[in-house]
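Order of appearance sets the numbers: ligands from 1, and atoms from 1 within every ligand. The figures that follow rest on heavy atoms only: side chains count, while hydrogens, waters and symmetry mates do not.
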Amino acid sequence: MPAHLLKGQKALVTGANSGIGKATAIALGRAGADVVVNYVVGADEAAKVVAEIEGFGVRSYAHEADVSKDDQVSVMVSRMVDEFGTIDIMVANAGLQRDAAVTEMTLAQWQKVIDVNLTGQFLCAREAVKEFLRRGVVPEVSRAAGKIICMSSVHQIVPWSGHVNYASSKGGVGMLMQTLAQELAPKKIRVNSVAPGAIRTPINKDAWETPDAEADLLKLIPYGRVGDPDDIANAVVAMASDLLDYVVGATLYVDGGMTLFPGFATGG
Ligand code: NAD
């Protein structure tokens with residue numbers, strides 16, 4: 001990825017002290033952006049991410065906020081405008097799972113996942129868009145007035161037994177993203193999603209931490225390897241850059257072919 005692809009741009013990544021968000025924040029910094037590292041718990045890890053980003057000679061700071069809380073998201077974005085002058089790239093990445101069979105799933109488990117994974121993305125997008133509209137296009141920075149990248153999942157389209165809250169949240173992210181993309185494209189704001197397959201992070205440790213679990217998981221991945229956080233981070237950097245300026249309202253699946261219905265390779 002060219003080192004200066006995002007030079008002068010200001011990015012915010014939610015849930016950026018772990019897994020995909022961490023790799024993405026670092027990749028954006030490496031590409032020349034100043035980066036706000038959002039976290040909800042884990043200040044020490046967030047500080048390490050900030051230090052690594054500052055090593056690229058760009059600016060960074062950590063900001064604690066729960067993305068599902070309206071007031072906390074609006075304070076987070078207005079502080080960014082105070083400190084960095086504006087926001088060009090919002091990566092709505094924060095997410096979690098609270099798995100259970102439907103008959104065991106509590107309303108609290110359902111609500112928590114919807115609040116963070118779906119409402120959180122709405123709130124982050126809304127606050128970023130207000131600033132994009134206020135500032136408009138600055139041609140020497142980017143052809144777009146702003147970019148929103150929603151972190152979706154293959155479960156945007158793949159049903160997932162035992163995870164009805166999570167799959168519903170990501171299905172919702174698909175329509176959130178497309179509707180915002182339609183509404184905001186005339187204002188030169190690009191809204192898109194990156195949808196990971198199985199990526200080696202704490203969220204899905206059970207699926208890859210033993211050789212048996214990994215072998216099972218690989219049956220679902222035609223390309224024959226579990227993804228790394230950098231696979232997603234690189235996709236986000238590309239999606240945020242002017243290289244992909246004409247990509248509007250798209251979901252980019254980064255999944256080693258998981259959405260190719262691999263069970264049909266030998267049957268069906
Ligand atoms: P992770 O658990 O390593 O990271 C999730 C991050 O979100 C953490 O930093 C966590 O603290 C943060 N977070 C949780 N609730 C928050 C809140 N209320 N406010 C702010 N931050 C909050 O997991 P990950 O795999 O890096 O997941 C990142 C995103 O990628 C999620 O949206 C997840 O659904 C998506 N995803 C992951 C995979 C995968 O295989 N790892 C696959 C598809 C989609």
Q: Give the minimum heavy-atom separation between C124 and M76, together with the two atoms involved.
A: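 What the structure gives for the nearest pair is SG-CE, 4.4 Å.
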Q: Can you see whether T86 engages E131 through a side-chain donor-acceptor pair at a distance of less than 3.5 angstrom?
A: yes
Q: Please tell me whether N93 and T14 have a donor and an acceptor in their side chains that are separated by less than 3.5 angstrom.
A: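 No, because no side-chain N or O of N93 sits under 3.5 Å from a partner of the opposite role on T14.
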Q: Determine which pairs satisfy ring pair (Phe, Tyr, Trp, His ring centres under 6.0 Å) with at least one residue from residues 37-77, sequence neighbours left out, and list them in order.
A: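 Checked against ring pair (Phe, Tyr, Trp, His ring centres under 6.0 Å) - neighbours excluded - the pairs reaching residues 37-77 are Y61-F84.
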Q: Just to be sure I understand the cut-off, which residues have at least one non-hydrogen atom under 4.0 angstrom from an atom of ligand 1?
A: G15, N17, S18, G19, I20, N38, V40, A65, D66, V67, N93, A94, G95, L96, V116, M151, S152, S153, Y166, K170, P196, G197, A198, I199, T201, P202, I203, N204
Q: Under 4.5 Å between any side-chain heavy atoms of R190 and I148, yes or no?
A: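 Answer no - side chains too far apart.
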Q: Is it the case that S169 and N117 place a side-chain donor and acceptor less than 3.5 Å from each other?
A: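 Indeed, the side chains of S169 and N117 share at least one donor-acceptor pair under 3.5 Å.
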